[in-house]
Amino acid sequence: MTCNLVLKSEDSISYASGKAKFKMNWAQFLADADAEYKVSFSFITAVDNTLDEDDLYILALDNIGTLKTIQGGEFNSSIGKEIGIVYSEEPHSSHARLKADFSTNPPVNLIGRPTQDILEVAFRDLTGTLLQKTPQFVLFLRFEKINL
């Protein structure tokens with residue numbers, strides 16, 4: 001089973017300092033509370049001519065639950081929040097925007113249905129600091145149930 005979720009920054013309940021918050025009812029969206037899901041995404045922002053080639057950010061989902069990840073240099077799985085990288089497309093132009101296609105980041109695994117009713121989408125630089133920009137965006141999340 002596959003479910004798709006579209007999040008638009010203009011529909012968020014708040015959006016500041018690189019973090020957008022969305023109200024979610026996960027029980028209506030993901031039926032199986034104990035399942036494991038592959039999560040992939042596509043992402044695009046509105047045009048922002050202040051972007052340059054140094055604009056590379058990590059897209060994180062806070063309050064999503066447990067993402068199965070292995071941190072570099074470690075041997076054990078840990079709880080992660082990062083789902084991928086968004087990058088500047090056409091920097092230094094009048095068409096610059098942040099973007100990621102489903103094919104540019106591998107899917108991450110989500111263990112069980114999230115229990116929090118607020119989903120936070122956060123943009124961080126490579127040091128983990130929240131991005132201060134708040135470009136309008138559309139995020140497409142795809143949840144594919146893994147049959148174990």
Side-chain angles (χ1 to χ4, degrees), residues 1-26 28-30 35-74 76-146:
M1 179 182 99
T2 301
C3 296
N4 296 296
L5 174 62
V6 178
L7 299 173
K8 297 178 182 178
S9 56
E10 63 191 31
D11 297 332
S12 64
I13 55 177
S14 69
Y15 184 27
S17 298
K19 187 178 281 194
K21 296 181 181 183
F22 297 89
K23 180 82 170 154
M24 294 294 305
N25 183 339
W26 290 106
Q28 289 180 336
F29 183 65
L30 300 174
E36 188 168 326
Y37 299 90
K38 276 188 184 179
V39 181
S40 55
F41 76 99
S42 293
F43 174 87
I44 196 161
T45 66
V47 169
D48 182 343
N49 60 5
T50 66
L51 295 171
D52 61 36
E53 62 274 352
D54 294 332
D55 287 310
L56 177 68
Y57 302 104
I58 297 169
L59 187 65
L61 299 179
D62 295 340
N63 292 347
I64 189 85
T66 303
L67 296 174
K68 192 186 286 186
T69 62
I70 298 175
Q71 301 294 333
E74 296 183 18
N76 299 313
S77 294
S78 62
I79 297 172
K81 298 178 180 186
E82 298 83 9
I83 62 168
I85 296 173
V86 294
Y87 58 91
S88 179
E89 179 183 64
E90 297 187 44
H92 300 298
S93 79
S94 60
H95 303 299
R97 64 180 76 232
L98 294 174
K99 182 178 179 182
D101 294 317
F102 72 93
S103 61
T104 58
N105 289 286
V108 295
N109 287 22
L110 173 66
I111 312 283
R113 180 176 65 212
T115 57
Q116 301 290 323
D117 62 351
I118 300 294
L119 173 63
E120 297 176 354
V121 176
F123 307 98
R124 295 184 174 92
D125 66 19
L126 297 180
T127 67
T129 304
L130 279 172
L131 169 69
Q132 293 305 307
K133 297 178 183 179
T134 54
Q136 294 301 305
F137 68 85
V138 178
L139 171 62
F140 296 89
L141 290 169
R142 180 175 188 240
F143 295 83
E144 181 181 349
K145 185 177 174 182
I146 300 171

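In this chain, residues are counted from 1 in sequence order. Just so it is clear, the values below take in all heavy atoms, side chains as well, and ignore hydrogens, waters and symmetry mates.
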> Got a second to check how far I83's CD1 is from I58's CD1, nearest 0.5 Å?
Replying inline: 11.5 Å

> Who passes side-chain contact (heavy atoms from CB on, under 4.5 Å) against D62, sequence neighbours left out?
Replying inline: K19, A60, K81, E120, A122, R124

> When you measure from the side chain of R97 to the backbone N and O of T45, does any donor-acceptor pair fall under 3.5 Å?
Replying inline: yes

> Counting only heavy atoms not in F102, do more than 12 fall under 6.0 Å of its CZ?
Replying inline: no

> How would you list, by chain and number, every residue that makes a salt bridge (charged side-chain N to carboxylate O under 4.0 Å, His left out) with K145, sequence neighbours excluded?
Replying inline: D32

> What are the two closest non-hydrogen atoms of K8 and V138, and how far apart are they?
Replying inline: CG-CG2, 4.2 Å

>> Nearest 0.5 angstrom please: I85 CD1 to L98 CG, how far?
In response: 12.5 Å

> Between CG of N25 and CG of L30, what distance do you get to the nearest 0.5 Å?
Replying inline: 10.5 Å

>> Tell me every residue that passes side chain to side chain donor-acceptor pair (under 3.5 Å) with Y15, counting only those two or more places apart in sequence or in another chain.
In response: none

>> Holding to side chain to side chain donor-acceptor pair (under 3.5 Å), I want the full list of residues that pass it with D101, two or more places apart in sequence or in another chain.
In response: none

> Roughly how far apart are F22 CZ and I118 CD1, rounded to 0.5 Å?
Replying inline: 10.5 Å

>> Please determine whether side chain to side chain contact (heavy atoms under 4.5 Å, CB included) holds for the pair K38 and N109, giving the CA-CA distance in whole Å, both sets of side-chain angles, and the decisive distance to 0.1 Å.
In response: CA-CA 5 Å; K38 276 188 184 179; N109 287 22; 3.8 Å; yes

> Given the rule in the side chain to side chain contact (heavy atoms under 4.5 Å, CB included) test, do F41 and V86 qualify, once you have shown the distances and angles that lead to the verdict?
Replying inline: CA-CA 10 Å; F41 76 99; V86 294; 4.2 Å; yes

>> If I compare all heavy atoms of T2 with all of E144, which pair ends up nearest, and what's the gap?
In response: OG1-CG, 3.8 Å

>> With rounding to the nearest 0.5 angstrom, report the CG to CG distance, L59 to N105.
In response: 8.5 Å

> What's the verdict on side chain to side chain contact (heavy atoms under 4.5 Å, CB included) for L141 and L61, showing C-alpha distance, side-chain angles and the deciding distance?
Replying inline: CA-CA 11 Å; L141 290 169; L61 299 179; 4.2 Å; yes

>> Could you work out, with side-chain contact (heavy atoms from CB on, under 4.5 Å) as the rule, every residue matching F29, not counting sequence neighbours?
In response: C3, L5, W26, F143

>> Could you go through F43 and Y57, starting from their C-alpha distance and side-chain angles, then the distance that decides it, and tell me whether this counts as ring-ring contact (aromatic ring centres under 6.0 Å, His included)?
In response: CA-CA 12 Å; F43 174 87; Y57 302 104; 9.8 Å; no

>> List the residues meeting side chain to side chain donor-acceptor pair (under 3.5 Å) with Q136, not counting sequence neighbours, and say none if there are none.
In response: S9

> So do the side chains of I111 and E36 get within less than 4.5 Å of each other, counting heavy atoms only?
Replying inline: yes

> Measuring from N63:CG to T115:OG1, what's the distance to the nearest 0.5 Å?
Replying inline: 8.5 Å

